[in-house]
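Computed from a prediction, not measured in an experiment: that's the story for all the values here.
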Amino acid sequence: MHELLLVDWPNALVYEMATRNPLFSYFEVHLTDRHLAARAWDEPVFAERHQPAAEVKGATYTALRVANENGTWVAPCVVDI
């Protein structure tokens with residue numbers, strides 16, 4: 001279940017980036033067994049500061065997992081660019 005949320009949330013951010021052109025720089029995430037509550041703070045993109053090189057197209061299911069490893073949550077997710 002967490003894995004599906006891990007794909008849905010970045011894809012929602014990708015949509016926001018495509019339609020409003022923000023750059024997300026800070027995140028707050030709260031995860032339960034069935035719910036993901038998250039906030040993302042954005043800032044305008046300044047090419048001289050951020051030097052964008054590639055545009056993320058979306059999160060994939062490749063190597064997707066959410067796990068607690070020795071008390072630290074890890075959630076690798078591959079994205080298409």
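Within 6.0 Å of CD in Glu28 there are more than 12 heavy atoms belonging to other residues, nucleotides or ligands. Shown here is Arg49, whose CZ atom has no more than 12 heavy atoms of other residues, nucleotides or ligands within 6.0 Å. With a 6.0 Å radius and a threshold of 12 heavy atoms from other residues, nucleotides or ligands, Tyr15 has its OH atom at or below the threshold.
The two residues Leu4 and Tyr61 make their nearest non-hydrogen contact at CD2-CE2, 3.8 Å. Here the closest heavy-atom approach between residue Val14 and residue Lys57 is recorded as CG1-O, 3.6 Å. For Pro76 against Arg65, the heavy-atom pair with the smallest separation is CD-O, 3.5 Å. Minimum interatomic distance between Trp9 and Phe27 (heavy atoms only, all atoms of both residues): CH2-CD2, 3.5 Å.
Cluster membership check: Val56 does not share its hydrophobic cluster with Val7, using side-chain heavy-atom separations under 4.5 Å among Ile, Leu, Val, Met, Phe, Trp and Tyr.
Put simply, the side chain of Asn11 gets close to the backbone of Ala59: a donor and an acceptor are under 3.5 Å apart.
In this structure, CG in Asp42 is found 8.5 Å from CD in Glu16, a value given to the nearest 0.5 Å. Atoms CG and OG1, from Asp80 and Thr62 in turn, are 7.0 Å apart once rounded to the nearest 0.5 Å.
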